[in-house]
Amino acid sequence: QVQLVDSGGGLVQAGGSLRLSCAASGRAFSGYTMAWFRQPPGKEPQFVSGISGSGAGIFYADSVKGRFAVSRDNAKNTLYLQMNSLKPEDTAVYYCAASTTTVVLRTTQSYDYWGQGTQVTVSS
């Protein structure tokens with residue numbers, strides 16, 4: 001099992017930046033495919049980005065491509081999401097998630113472990 005703790009959210013103006021972190025503890029972090037999801041108010045969770053265990057495979061939702069960058073430091077057991085050029089529509093609770101699959105999948109059902117979420121609010 002792995003335990004995940006999200007952090008780094010906050011209130012930022014449109015055009016600003018935030019960096020989210022997800023600290024993992026438990027079983028070997030590099031063995032997990034990791035992802036970021038977000039849930040805007042009143043909406044279903046959305047896939048944002050995913051990264052394979054080695055970091056070689058990286059995927060983004062079209063809505064964040066070119067603005068967000070996912071990375072991981074397996075030595076520090078930490079996942080990151082650098083968010084630049086933030087827009088009001090990026091406002092959501094952001095969750096990190098871990099999966100034992102070897103490929104990056106985009107559905108919530110594919111992930112076994114979840115962080116508690118961190119709120120990101122972008123003002124216009």
* Least distance between heavy atoms, Gly117 atom then Asp6 atom -> N-OD2, 2.7 Å
* Asked: Nearest heavy-atom pair of Ala35 and Leu79: which atoms, and what distance?
  -> O-CD2, 4.0 Å
* **Atom pair NZ/OG of Lys87 and Ser63 - distance to nearest 0.5 Å** => 8.5 Å
* Residue pairs involving residues 51-81 (criterion disulfide bond (SG atoms under 2.5 Å apart); sequence neighbours excluded) -> none
* Do the side chains of Arg38 and Val120 get nearer than 4.5 Å, heavy atoms only? -> no
* Asked: Are Leu105 and Ile51 connected, step by step, through hydrophobic side chains (Ile, Leu, Val, Met, Phe, Trp, Tyr) whose heavy atoms are closer than 4.5 Å?
  -> no
* Please name the pair of heavy atoms, one in Ser52 and one in Val104, separated by the smallest distance, quoted to 0.1 Å. => N-CG2, 3.8 Å
* Structure fact -> Heavy-atom closest pair (Thr118 atom, Gly9 atom, distance to 0.1 Å) is OG1-N, 3.0 Å
Below 3.5 Å, can you tabulate the donor-acceptor pairs from side chains in residues 15-23 to any protein atom, sequence neighbours excluded?
unit_1: Ser17; atom_1: OG; unit_2: Asn84; atom_2: OD1; d: 2.9

* Structure fact -> So salt bridge (Lys or Arg N to Asp or Glu O under 4.0 Å) across residues 102-124, not counting sequence neighbours, yields none
* CG on Asn74 to NZ on Lys76, rounded to 0.5 Å -> 12.0 Å
* Tell me, do Gln39 and Thr108 make a side-chain contact under 4.5 Å, heavy atoms counted? -> no
* Structure fact -> Residue pairs meeting disulfide bond (SG atoms under 2.5 Å apart), one or both in residues 28-68, sequence neighbours left out, come to none
* What's the spacing between Leu4 CG and Cys96 SG if we round to 0.5 Å? -> 4.5 Å
* To do: Nearest 0.5 Å please: distance from the CG atom of Leu81 over to the CE atom of Met34.
  => 11.5 Å
* Structure fact -> Residues Pro88 and Ser124: closest non-hydrogen pair is CG-CB, 3.8 Å
* To do: For residues Phe68 and Trp36, determine if any side-chain heavy atom of one lies less than 4.5 Å from a side-chain heavy atom of the other.
  => no
For a quick test of your reading: what N or O donor-acceptor pairs under 3.5 Å do the side chains of residues 53-61 make, sequence neighbours left out?
unit_1: Ser54; atom_1: OG; unit_2: Ala56; atom_2: N; d: 3.2
unit_1: Tyr60; atom_1: OH; unit_2: Val70; atom_2: N; d: 2.9

* Residues forming a side-chain hydrogen bond (donor to acceptor under 3.5 Å, both in side chains) with Ser71, sequence neighbours excluded -> none
* **For Gln116, side-chain hydrogen bond (donor to acceptor under 3.5 Å, both in side chains) partners two or more places apart** => none
* For Ser25, what residues pass the side-chain hydrogen bond (donor to acceptor under 3.5 Å, both in side chains) criterion, not counting sequence neighbours? -> Gln3
* To do: Check Asn77 against Phe29 and note the closest heavy-atom contact, atom names and distance.
  => OD1-CB, 3.3 Å
* Asked: Pairs in or reaching into residues 65-74: which pass salt bridge (Lys or Arg N to Asp or Glu O under 4.0 Å), with residues at least two apart or in two chains?
  -> Asp62-Lys65, Arg67-Asp90
* Below 4.5 Å, heavy atoms only, C-beta onward: do Thr91 and Gln119 meet side chain to side chain? -> yes
* Does any pair with a residue in residues 74-112 pass ring pair (Phe, Tyr, Trp, His ring centres under 6.0 Å), and if so which ones, sequence neighbours excluded? -> Phe37-Tyr111
* Would you please name every residue forming a side-chain hydrogen bond (donor to acceptor under 3.5 Å, both in side chains) with Ser99, sequence neighbours left out? => Thr101
